[in-house]
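Quick notes on the structure that follows.
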Amino acid sequence: MRVRRPAVLLSLAAVLLIGAAFVVFATRQPRSAGATVPETTVVEAAPVSTPDLPAGSSAAIGALFVDGAHYCTASVVHSDQGDVLLTAAHCIHDGEGGDYLTGITFAPGYHDGVAPFGYWAVSDELVAPGWRTSSDPDLDVGFATAHQTGNPRTLESLVGANTLATGTGFEQPITLTGYPDDSEQPAICRNTTSRQDTYQLKVDCAGFPTGTSGGPWVTGENPKTHLGTVIGVIGGFEYGGNDPDTSYSSYFDTDVQALYRQTTARA
């Protein structure tokens, strides 16, 4: 499990995790893994400024906070509104029997106790019905929006954004980034993904313990901007994995595509 929940939610999280082993999920027809269906053309909005960041890190990736402590990871994905975040569903919703978390903030480019672009209020959280009703690990993906009071600029215009893609192949070279609970710097790893199950991706990367849930799996990374195409997030099987050296992701298919479109269809 790759998320440290606020103290008031620990007992509920434990119950959900134990109960997940006994849930029977509805059968879904396999999607084709051969056709790449990007949601948008590649857009790499360069950060408006270039603060000092850890080597290889992206300003579009940051930590999620509740009650002053970071507990998960999220990233900015391109949208016309310029305010969309991508993370794991279990980072923003308790799953079966639960509700959406409140009071979440996002710190893009966070490191060493510094939020170079400030803290952004997270709202409009959205997860799939299958996650809300049965904590389906194949649907452990969530979207939200982020705003900063008094700032006329959009988040994306300040830090850039990755492009979302669905229906991609299971074997992809990626850059994996996440914020461990016990570190004030992001963990970064590059390796090739593989297929864990019909709707699950897997990658071997050392040093991704609790807190890295929601960390994006980025392929086609630009070596200068560290932006690219996001095809997964740490989550899914075992809430992202119980071994810090192996991570999982729900496969990005039409369900994820539908969630993204719902998030970006706001007036």
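Sequential numbering from 1 along the given sequence is applied to the chain's residues.
Listed by first and then second residue, the disulfide (SG to SG under 2.5 Å) pairs involving residues 144-250 are Cys189-Cys205 (not counting sequence neighbours). Among residue pairs with one or both ends in residues 120-130, none qualify as salt bridge (charged side-chain N to carboxylate O under 4.0 Å, His left out); sequence neighbours excluded. For residues 138-183, no pair satisfies disulfide (SG to SG under 2.5 Å), with sequence neighbours left out. Listed by first and then second residue, the disulfide (SG to SG under 2.5 Å) pairs involving residues 118-181 amount to none (not counting sequence neighbours). Each disulfide (SG to SG under 2.5 Å) pair with one or both residues in residues 101-143, not counting sequence neighbours, would appear here, but there are none.
With sequence neighbours excluded, the residues that form a ring-ring contact (aromatic ring centres under 6.0 Å, His included) with Tyr110 are Phe65, His70. The side-chain hydrogen bond (donor to acceptor under 3.5 Å, both in side chains) search around Ser123 returns Thr145, not counting sequence neighbours. Applying the side-chain hydrogen bond (donor to acceptor under 3.5 Å, both in side chains) rule to Asn191 yields no partners; only residues at least two apart in sequence or on another chain are considered. Under the side-chain hydrogen bond (donor to acceptor under 3.5 Å, both in side chains) criterion, Gln200 pairs with Asp138, not counting sequence neighbours. A search for side chain to side chain contact (heavy atoms under 4.5 Å, CB included) contacts involving Ser58 returns Ala60, Ile61, His226, Leu227, not counting sequence neighbours. Judged as a side chain to side chain contact (heavy atoms under 4.5 Å, CB included), and not counting sequence neighbours, the contacts of Ser183 are Pro180, Gln185. Every residue two or more places apart in sequence or in another chain was checked for a side-chain hydrogen bond (donor to acceptor under 3.5 Å, both in side chains) with Asp80, and none qualifies.
Across every non-hydrogen atom of Phe170 and Thr198, the tightest pair is CZ-O, 3.5 Å. Across every non-hydrogen atom of Gly211 and Asp181, the tightest pair is CA-OD1, 3.3 Å. Shortest non-hydrogen contact noted between Leu53 and Pro116 is CD2-CG, 4.1 Å. Taking both residues in full, the closest heavy atoms of Tyr100 and Val127 are given as OH-N, 3.2 Å, listed atom of the first, atom of the second, then distance. Across Phe208 and Ser247, no two heavy atoms sit closer than the pair CB-OG, 3.9 Å. When all heavy atoms of Ala55 and Ile188 are compared, the closest pair comes out as O-CD1, 3.7 Å.
The line from CG of Asn222 to CG of Asn162 is 10.5 Å long, rounded to the nearest 0.5 Å. One finds the OH atom of Tyr251 at 14.0 Å from the CG atom of Leu139 (value rounded to the nearest 0.5 Å). Here Asp197 contributes atom CG and Phe237 contributes atom CZ; the two are 8.5 Å apart, rounded to the nearest 0.5 Å.
Using modelled atom types, no side-chain atom of Thr73 and backbone atom of Thr87 make a donor-acceptor pair closer than 3.5 Å.
No hydrogens or angles considered: nothing links the side chains of Asp253 and Thr166 as a donor-acceptor pair under 3.5 Å.
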- Task: In sequence, state the C-alpha distance, the side-chain angles, and the governing distance for Ile234 and Leu176, and then conclude on side-chain contact (heavy atoms from CB on, under 4.5 Å).
- Result: CA-CA 9 Å; Ile234 294 179; Leu176 182 63; 3.7 Å; yes

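Residue-environment remark: CD (Glu171) stays at or below the threshold of 12 foreign heavy atoms within 6.0 Å.
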